[in-house]
Amino acid sequence: MPSPSTAPAGSSSAASTDAAATMLTSVHPDVIRAHILTRLDGPALVAAASASAQLHSLSSDECLWRDVCVAAWPSVGDPRVAGAIAGFPAGHRSFFSDSYPVLHHHKPRSRRSSPLPPPPAEYLISAVDVHYEGEAIFSKVHETETASGWFDSSPFRVDLLDLKESVPTRIQKPSGTPDEAWLRHLEENLSLSWIVVDPARRRAANFSTQRPVSVQRHWLTGDVQARYVMVVAGGPPGSASEHVQCTATLTCVGKEGRKLHVREVSFQVEDMEGKSLNGRDSLVILGEAMEGGERRKAKRGSEGKERFEAYEARKRERRERKQRRERALDLVCITVGVAVFVAFWSFILFR
């Protein structure tokens, strides 16, 4: 008989799991629901739901998931967002599974294998939250009407604030702090989520990176601008919209030693040549990303920035290839022109 010191590690782990499961079954479900599960955040609640059949049942409570979503994104408490989430297959649990993980959508779905698309949405809902050092400093919900011809043909852009509107925050640059250190601090502590909700598809997706891909100070005005870029698949291979960038821009104003105010929060979709896509094309791309995009757990906080830098490298390669083709075409045109000129004068002079 093996001694405890020589027992396999797997058997001790299994025994610990069985003991934990036995202890849970002895606890009243109301106690688990009210005093244990309510203390968990979304990822921990997902892990608890897969631990046992009892926890899976208790973790399916809609009120529990609603509180988790509102804690993560205060804008979800808005009645317009809550009304759209009510149509999701599993309510707030479905919304969380759509919105929390990092969106990966680099290959468009095959048109032949894709099911019939749902009826076009009459509007999209943007639920936007900005956090600084883990605390919400800005939340707003915006509805974008998508059923008009003006939307189809105009550049797609969502602005949450009017030109003269600003929102005070608690962000304050300490006096004497170098700009480089201050901007690096904001890059590490200023997060933004831009969740697009499509009530017709009953799907949602977070089209913002967890951290900004860049934080810069304008050389003239001193405004601080943070950009959050999510790269997704777009049009056919080889086209300018093969991959597009969904850019959420946050602009803050304020003097050194004083608290910053949020002046601009905007969202737009651009192709690989930097052109803004119109509403019709943007709606198709966002919808396909919601339906076909994978949701994965971020491996590291800088993953979004690394993906954006790889996308910028592809854009440079594409631009260089285009320039080479244009130079080659110019050379051919010049050669043909010279040949025609020489042939013409040869005909005139030596006939």
Least distance between heavy atoms, H243 atom then A233 atom: CD2-CA, 4.0 Å
If I take atom OG from residue S191 and atom CZ from residue R211, how far apart are they, to the nearest 0.5 angstrom? 9.5 Å
Could you check whether any side-chain heavy atom of I348 comes within less than 4.5 Å of a side-chain heavy atom of S346, counting everything from C-beta outward? no
Mind checking whether R227 and P212 have side chains closer than 4.5 Å, heavy atoms only? no
Please name the pair of heavy atoms, one in S241 and one in D271, separated by the smallest distance, quoted to 0.1 Å. CA-CB, 4.0 Å
Within the distance-only criterion (no hydrogens, no angle test), does the side chain of S97 pair as donor or acceptor with the backbone N or O of S94 below 3.5 angstrom? yes
Is the ring centre of F95 less than 6.0 Å from the ring centre of W73? yes
Is the shortest distance from a Lys or Arg side-chain nitrogen in E165 or R263 to a carboxylate oxygen in the other one below 4.0 Å? no
How far apart are the C-alpha atoms of T249 and V265, what are their side-chain angles, what is the distance that settles it, and do they pass the side chain to side chain contact (heavy atoms under 4.5 Å, CB included) test? CA-CA 6 Å; T249 303; V265 187; over 6 Å; no
Residue pair E135, R170: steps toward the side chain to side chain contact (heavy atoms under 4.5 Å, CB included) verdict: CA-CA 10 Å; E135 179 183 338; R170 67 177 187 86; 3.2 Å; yes
Would you say D223 and T251 are linked by a side-chain donor-acceptor pair, where the criterion is simply a distance under 3.5 Å? no
Run through the side-chain heavy atoms of Ile, Leu, Val, Met, Phe, Trp and Tyr, join any pair under 4.5 Å, and report what else lands in F308's cluster. V213, V229, V231, M272, Y311
Do D98 and R203 sit within salt-bridge range, that is, some charged N less than 4.0 Å from a carboxylate O? yes
Measure the spacing between CG of L183 and CD of Q216 and express it to the nearest 0.5 Å. 8.5 Å
Just checking, any donor-acceptor pair under 3.5 angstrom between side chains of N206 and S193? no
To the nearest 0.5 Å, how far apart are SG in C252 and CG in L186? 8.0 Å
Applying the 4.5 Å side-chain criterion to the ILVMFWY set and letting contacts propagate, would L331 and V336 be lumped into a single cluster? no
For P236, does its backbone N or O pair with a side-chain atom of S239 as donor and acceptor, under 3.5 Å? yes
Side-chain heavy atoms under 4.5 angstrom apart, residues restricted to Ile, Leu, Val, Met, Phe, Trp, Tyr: same cluster for I334 and V342? yes
State, with a plain yes or no, whether a side-chain heavy atom of L40 is found less than 4.5 Å away from one of L37. yes
State, to 0.1 Å, how close V269 and S282 come at their nearest heavy-atom pair, and which atoms those are. CB-OG, 3.8 Å
Give, for atom CG of L329 and atom CZ of R324, the distance between the pair rounded to the nearest 0.5 Å. 15.0 Å
Does the ring centre of F267 sit less than 6.0 Å away from the ring centre of H142? no
With a 4.5 Å cut-off on side-chain heavy atoms, are L160 and F138 touching? yes
Do the charged groups of E62 and R93 touch, with an N to O distance under 4.0 Å? no
I'd like to know whether S153 forms a side chain to side chain donor-acceptor pair (under 3.5 Å) with N278, so could you lay out the CA-CA distance, the side-chain angles of the two residues, the decisive distance to 0.1 Å, and finally the verdict. CA-CA 5 Å; S153 58; N278 59 35; over 6 Å; no
Are V130 and V253 connected into the same hydrophobic cluster when the rule is that any two of I, L, V, M, F, W, Y join if their side-chain heavy atoms are below 4.5 Å apart? no
Side chain N189, main chain H185, donor-acceptor under 3.5 Å: yes
Donor-acceptor contact present, side-chain T146 to main-chain E122, <3.5 Å: yes
Near F88 CZ, under 6.0 Å, is it more than 12 heavy atoms from other residues, nucleotides or ligands? yes
So which atom in L64 and which in S59 form the shortest heavy-atom distance, rounded to 0.1 Å? CD2-CA, 4.2 Å
Closest heavy-atom pair and its distance - V215, A226: CG2-CB, 4.1 Å
Could you tell me whether D162 and K164 have a side-chain N and a carboxylate O separated by less than 4.0 Å? no
May I ask you to decide if the ring planes of F156 and F151 are parallel, tilted or perpendicular, using 30° and 60° as cut-offs? perpendicular
Start with the C-alpha gap between V76 and H92, add the side-chain angles, then the distance that decides, and say whether side chain to side chain contact (heavy atoms under 4.5 Å, CB included) holds. CA-CA 9 Å; V76 175; H92 284 81; 4.1 Å; yes
So do V232 and C246 actually touch side chain to side chain, heavy atoms under 4.5 Å? yes
Is D78 salt-bridged to K140, cutoff N-O under 4.0 Å? no
Assigning hydrophobic clusters by single linkage (Ile, Leu, Val, Met, Phe, Trp, Tyr; side-chain heavy-atom cutoff under 4.5 Å), is V332 placed with V340? yes
Just how far is it from atom CD1 of I171 to atom CG of L260, taken to the nearest 0.5 Å? 5.5 Å
Can you confirm whether R80 sits close enough to P199 that some side-chain heavy atom of one is under 4.5 Å from a side-chain heavy atom of the other? no
Count the heavy atoms belonging to other residues, nucleotides or ligands that lie under 6.0 Å from CD of E180, then report whether that count exceeds 12. no
Check whether any side-chain N or O of E326 sits under 3.5 Å from a backbone N or O of A328 as a donor-acceptor pair, and report yes or no. no
Report yes if the side chains of I125 and V141 come closer than 4.5 Å at any heavy-atom pair, otherwise no. yes
Examine the side chains of E270 and Q245 and answer whether a donor and an acceptor come within less than 3.5 Å of each other. yes
Out of curiosity, E133 CD to E188 CD, how far, rounded to the nearest 0.5 Å? 11.0 Å
Is there a side-chain contact between H104 and R295 in this structure, where contact means two heavy atoms from C-beta onward sitting under 4.5 Å apart? no
Begin from the C-alpha positions of E143 and L124 and carry the test side chain to side chain contact (heavy atoms under 4.5 Å, CB included) through to its verdict. CA-CA 6 Å; E143 288 187 0; L124 293 178; over 6 Å; no
Look at atom CZ of R314 and say whether more than 12 heavy atoms of other residues, nucleotides or ligands are closer to it than 6.0 Å. yes
Measure centre to centre between the rings of W194 and Y228, then say whether the value is under 6.0 Å. no
Just wondering, more than 12 heavy atoms not from R39 lying within 6.0 Å of its CZ? no
Non-hydrogen atoms of V262 and L161 that approach each other most closely: O-CD1, 3.6 Å
E291/R202 salt bridge by N-O under 4.0 Å criterion: no
Side-chain (H218) to main-chain (T221) donor-acceptor, under 3.5 angstrom: yes
Between R157 and E264, does at least one N-O distance fall below 4.0 Å, as a salt bridge requires? yes
